[in-house]
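Some notes on the structure that comes next.
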Amino acid sequence: MKASKYPLFTQKNEPSDAEIISHKLMIKAGLVRQQSSGQYSFLPIGLRILKKIENIIRQEMNAIGSAEILMPSIQPRELWQESGRWDDYGPELLRLNDRHDREYCVGPTFEEVITDLIRKELNSYKQLPINLYQISSKFRDEIRPRFGIMRAREFTMKDAYSFHMDNTCLDEWYEVYKEAYNKIFTRLQLEYTMVDADSGNIGGSKSNEFHVIADTGEDDLLIDKHGVGINFEIAKEKYKTDDIEKISSENDLIHKKGIEVGHIFKLGDKYSKSMNLSIADSENNSHFLQMGCYGIGVSRIIAAAIEQNYDANGIIWPKSISPFDVVLIEIDGDKNKDVREYSENIYEMLIDKELDIILDDRNAKLGNKLNDWELIGVPQFIIIGRSEAQNNEVTYKKRGSAEKDTLKHDDIYNVLTS
RNA sequence: CGGGGUGUAGCGCAGCUUGGUAGCGCGGCUGGUUUGGGACCAGUAGGUCGUAGGUUCGAAUCCUAUCAACCCGACCA
C-alpha cells in the first residue's frame, strides 16, 4: 500500500460534536464519518481495523468448530410473532413494509431467523450439536445513540448460535465459547473482564458479559480480587440495594466501569419451544432443542480499544488490530531518487515477508507524515532519508516513544516482528 | 419523550445583544522560497448564514413554525 494512492482523511481540528476520546480520535484520524444519528461510514483505515478484529474472531470461532454463515438482515414479521418478540421487543425494533405491504423488521439479533433455518434443515439428533456464527450489520433503533460507534444504531456484530439435544451439551458448549471469548479478547490485547449478567430481552437462564475496562464505560461492574465480576444491574437484586458503594465495601468488591463488548447466553428452550424446533431422540421421544447464543460487538471493540490506548498525539493500536504493522516514511522521496529507490526496496522486501506495510510516499513534510501516522496510531515507524539510503540502514521508531534507533538492513525484519 | 445548548465555507469558530446583504483560523488550489517533527511569502477559489414563513425600506441578526445533529435523563446485547 502506498499512501500517495491511498485516501487518508485525517483532520487537524477537533470535531465539535464528539464527546469521548475514542469518538474524537476516530473522526480526527479518519476512521469513520457520521452519516446520520448512530450511523457511520467506515473509511479505509477504519475498515482495515474492523477487518483485523473480525479475522481474529473468525479464527477463534472456526477453531472451536463453529461454522460461518450469513443471514438476511431484513426479517419477516411472522417469525418474530412466533417467538413473541414482535410485541415484546418494543420500539428498538425498526419495522418496515415492502411493496406488497408485507411487514418486516431490520434484524437487531437473529434468534428467530436461525431457529427457523435449523428447524427446516435438522433431520436427526445425530446432526447435533450444531454451531453457527455470522459477522454482519445489525440495527437497533436506540432511544439515544451516542459516543460515535460506541452506541450506534447500525453496527457490526458477531453472533453465534448453538443447538443441543440436552442441557448438559449446552453447558459444555457454553464453556467452549467462554474459553474462545477469553482467547479472542486476549489476542485483541485488551484489558477486559467477564461478569455475571442480566439476560435482558434475549432471554434464557444464564448469561455472562465481557467488558473492556474503561472509565468512559456505561456499565458498572463489581469485581472481586480474583477478577471475577458481577454487573451492578444484577448485584442490585442479589444484595437488595441500589447503593453501589455499600455493595462494594461490604463484599470486598472493586467498582469499575466497563464497555460491554461481548455477551453470551444460555437460551435454553425459549426459542425452540415458541418456534417449535424439536427432534426425536434414539428412543423416538421428541425434545425441544437447547440453544445458546454468543455475541461480540465488533465495531464497538474499535472504540473500546481506543479508550484504553491513546495519548496526546492520537491512537496507539495494539499490534493485533493496527491498520498496518508498520509505516515506512520516506523523506523527500519525490526529490531524491536514491531515497525513493531504497524505500521501494525496503517496502518490497517487507511485503514479501507478508508484513502489513504502508509506504508514505506523499509529497509532504516529515513532521506532517509523522503526525498523521501517530494520530492514526500505527505502532511502528521506519524512516528513510538521504543518510539512511546512503548507509543501507533505516531509522526505527515505536509509536509512543521519542527514541529513534538505527537499524542495519539485515536486522529490519527481525526488529519489526520481535 | 422531558430538560439544555447548537446549526454561518470541507473542518473549527466569530459576527446576532444594538437589523444596513458576511469574516477569522485550519484545510484546498497556483507560484516562489524552504524541507530530518505540523514551514514561510504572495495570490486565489469556496457560503442564497439548516429550512419555511413573518416583521421591516432593508434580516445571519428580531418573531413564528419546522428539520437536523449534540449533551443530560428515562431506556438499552
Side-chain angles (χ1 to χ4, degrees), chain A residues 8-20 23-24 27-28 30 33-40 85 88-93 107-111 138-148 150-153 155-161 181 195 197-204 207-211 218-219 231 233 258-265 267 293-301 312-314 329-336 339 360 362-375 381-390 394-395 397 402 404 406:
Chain A
L8 297 174
F9 298 96
T10 54
Q11 61 182 47
K12 268 183 167 179
N13 289 333
E14 291 278 310
S16 64
D17 56 5
E19 202 67 16
I20 60 171
H23 189 192
K24 287 180 184 173
I27 302 295
K28 279 185 84 173
R33 288 291 182 262
Q34 180 168 8
Q35 180 219 241
S36 53
S37 184
Q39 297 186 279
Y40 290 81
R85 288 206 292 183
D88 291 347
Y89 209 92
E92 260 152 57
L93 192 61
T109 177
F110 283 69
E111 284 79 11
K138 312 292 192 286
F139 192 98
R140 293 184 188 175
D141 198 355
E142 297 279 352
I143 295 178
R144 183 151 88 86
R146 65 182 104 181
F147 303 146
M150 190 77 86
R151 177 172 295 284
R153 296 197 294 174
F155 57 98
T156 301
M157 180 169 97
K158 185 282 298 183
D159 45 329
Y161 304 88
Y181 272 43
V195 299
D198 179 20
S199 46
N201 63 11
I202 299 286
S207 88
N208 289 97
E209 291 169 345
F210 291 77
H211 287 263
E218 294 186 82
D219 287 277
N231 192 310
E233 292 306 310
I259 299 166
E260 184 189 349
V261 289
H263 201 158
I264 59 177
F265 302 80
L267 295 172
C293 76
Y294 318 89
I296 292 182
V298 184
S299 45
R300 181 181 280 181
I301 286 172
N313 295 324
I329 295 175
E330 57 164 35
I331 301 172
D332 291 336
D334 54 317
K335 297 191 185 73
N336 187 321
V339 168
D360 195 344
R362 293 177 299 169
N363 181 10
K365 298 186 67 165
L366 174 62
N368 287 295
K369 295 184 181 185
L370 285 168
N371 278 300
D372 264 354
W373 294 108
E374 283 174 350
L375 176 60
F381 295 65
I382 284 179
I383 302 164
I384 292 175
R386 183 172 291 138
S387 76
E388 286 88 348
Q390 269 166 13
V394 301
T395 296
K397 182 188 169 311
K404 289 174 182 166
T406 300

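None of the values given here were measured: they were computed from a predicted structure. Here is the naming used below: chain letters follow the sequence lines, and residue numbers restart at 1 for every chain.
- Nearest heavy-atom pair across A:M150 and A:R300 is O-NE, 2.8 Å.
- A donor-acceptor contact under 3.5 Å links the side chain of A:N13 to the base of B:C11.
- Using a 4.0 Å heavy-atom distance criterion, A:G385 is classed as a base contact.
- Checking A:V298 against A:T395, the closest nucleotide of RNA chain B that is more toward the 5' end is the one next to A:T395.
- Across all strands shown, B:C24 forms a Watson-Crick or G-U wobble pair with B:G12, both key distances being under 3.5 Å.
- Distance A:L93 CG to B:C75 C1': 16 Å, rounded to the nearest Å.
- The side chain of A:K365 places an N or O atom within less than 4.0 Å of a non-bridging phosphate oxygen (OP1 or OP2) of B:A39.
- For A:K369 against B:G36, a side-chain-to-base donor-acceptor contact under 3.5 Å is absent.
- Atom CD in A:Q11 sits about 14 Å away from atom C1' in B:G28, given to the nearest Å.
- The interatomic distance linking A:N371 (CG) with B:G27 (C1') rounds to 15 Å, in whole Å.
- A:S387 comes within 4.0 angstrom of a nucleotide base, judged by non-hydrogen atoms across all strands.
- For A:R146 and B:C71, the CZ to P distance is 7 Å, given to the nearest whole Å.
- Atoms CD1 (A:I331) and P (B:G36) sit 8 Å apart, rounded to a whole Å.
- Heavy atoms only, all atoms of each residue included: A:D17 and A:H23 are closest at O-CE1, 3.9 Å.
- Distance noted for atom C1' between B:G73 and B:A9: 36 Å (whole Å).
- Using a 4.0 Å heavy-atom cutoff across all strands shown, A:E330 reaches no nucleic acid atom at all.
- Side-chain N/O atoms of A:E374 and base N/O atoms of B:G37 include a donor-acceptor pair closer than 3.5 Å.
- Distance NZ/A:K365 to CG/A:D332: 9.5 Å, rounded to 0.5 Å.
- Classification of the A:Y181-A:F210 ring pair by plane angle, with boundaries at 30° and 60°, yields tilted.
- Within the nucleic acid shown, A:E218 has no heavy atom closer than 4.0 Å to any nucleic acid atom.
- Contact annotation: A:R144 side-chain N/O to B:A74 OP1/OP2 distance is not under 4.0 Å.
- Looking at which nucleotide of RNA chain B each of A:K335 and A:R153 is closest to, the 5′-most match is held by A:K335.
- The residue A:K404 sits close to a base: some heavy atom pair falls under 4.0 Å.
- If you take atom C1' in B:G31 and the same atom in B:U6, they sit 40 Å apart, rounded to whole Å.
- Look at A:Q35 and you won't find any side-chain N or O under 4.0 angstrom from OP1 or OP2 of B:A69.
- Other residues, nucleotides and ligands contribute only 12 or fewer heavy atoms inside 6.0 Å of the CZ atom of A:R386.
- Rounded to whole Å, the separation between the C1' atoms of B:U56 and B:U66 comes to 23 Å.
- Summarising the geometry, the separation between CG on A:L366 and P on B:U35 is reported as 13 Å, rounded to the nearest angstrom.
- Residue contacts for A:K28: at a heavy-atom cut-off of 4.0 Å it reaches no nucleic acid atom on any strand shown.
- The nearest pair of heavy atoms linking A:K28 to A:L375 is O-CD2, 3.4 Å.
- Rounded to whole angstrom, the span from the CE atom of A:M150 across to the C1' atom of B:C76 amounts to 15 Å.
- Listed pair A:S16 / B:C11 fails the phosphate criterion, with no side-chain N or O lying under 4.0 Å from OP1 or OP2.
- Here the closest heavy-atom approach between residue A:I329 and residue A:L366 is recorded as CG2-CD1, 3.8 Å.
- Rounded to whole angstrom, the span from the CZ atom of A:R33 across to the P atom of B:C11 amounts to 9 Å.
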